Amino acid sequence: MAFWLFKSEPFKWSFADQMAAGEAGTEWSGVRNYQARNFMRTMQVGERGLFYHSNEGKAVVGLVEVSAPAAHDSTSPDDPRWECVHLRGLQAFLRPVALEEIKADPRFAAMVLVSNSRLSVQPVGAGEFTLICELGGLREAVTGT
DNA sequence: GCCAACGTTGGC
DNA sequence: GCCAACGTTGGC
């Protein structure tokens with residue numbers, strides 16, 4: 001069971017939009033980066049991820065779950081290279097966990113979010129994931145399922 | 001709005 | 001296959 005982090009600019013697609021999209025989830029389309037695509041290819045349905053607001057917000061704001069495995073990205077009809085998973089919003093953090101806070105905490109020094117700020121889909125360590133959920137006020141939700 | 005970092009493209 | 005040019009991302 002791996003853990004992930006997905007970035008989105010909130011004015012394009014916010015966590016509120018993700019939650020409003022419902023149980024079925026939505027295609028995480030538009031990723032045009034091989035590294036990010038390759039991570040999505042390895043994702044299993046049911047794996048969880050952090051939802052991060054870039055630019056405006058700059059904070060982890062919620063929890064998502066992979067609801068369908070990687071398949072061709074419908075927004076790339078002419079180019080079969082690009083694939084993406086489907087995501088379902090699970091729960092909003094009670095308190096956003098800011099990038100500033102993550103950067104300041106030595107326990108997150110190894111996070112990709114810190115070392116490669118441009119990668120839009122990235123792996124997160126189990127320890128990092130749990131800790132960020134706790135900071136976001138979702139301790140129970142994490143240990144739940 | 002600026003700029004640094006990074007990834008991709010395309011000429012050679 | 002190298003590398004310069006360009007485009008994009010995202011923090012500040």
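Quick caveat: nothing in here was measured; it's all calculated off a predicted structure. In what follows, chains are A, B, ... by sequence order, proteins preceding strands, each numbered from 1.
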Rounded to whole Å, please give me the gap between [atom1] in [X] and [atom2] in [N].
X        : N      : atom1 : atom2 : answer
A/Trp13  : C/dT9  : CH2   : P     : 18 Å
A/Leu119 : B/dG7  : CG    : P     : 8 Å
A/Glu56  : C/dT9  : CD    : P     : 15 Å
A/Gln35  : C/dT9  : CD    : C1'   : 14 Å
A/Trp82  : B/dT8  : CH2   : C1'   : 9 Å
A/Asn33  : B/dT9  : CG    : P     : 11 Å
A/Arg32  : B/dT9  : CZ    : C1'   : 16 Å
A/Leu113 : C/dG11 : CG    : C1'   : 11 Å

For this session: Please name the residue in the list A/Trp28, A/Tyr52, A/Phe39 that meets the ring-ring contact (aromatic ring centres under 6.0 Å, His included) test with A/Phe6.
Result: A/Trp28
Problem set entry | Residue whose nearest DNA chain B nucleotide is more 5′ - A/Asn55 or A/Ser115 |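 First, find each residue's nearest nucleotide; the 5'-ward one identifies A/Asn55.
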For this session: Is it possible for you to say whether A/Leu113 and A/Phe93 belong to one hydrophobic cluster, with membership spreading through side-chain heavy-atom contacts below 4.5 Å?
Result: yes
Check whether any side-chain nitrogen or oxygen of [X] sits under 4.0 Å from OP1 or OP2 of [N], and answer yes or no.
X        : N      : answer
A/Tyr52  : C/dG11 : yes
A/Lys7   : C/dG10 : yes
A/Lys103 : C/dC12 : yes

For this session: Any chance you could measure A/Leu131, atom CG, to A/Met111, atom CE, to the nearest 0.5 Å?
Result: 9.5 Å
Exercise. Can you find a donor-acceptor pair, distance only, under 3.5 Å between A/Arg118 side chain and C/dT8 base?
Worked result: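 Yes.
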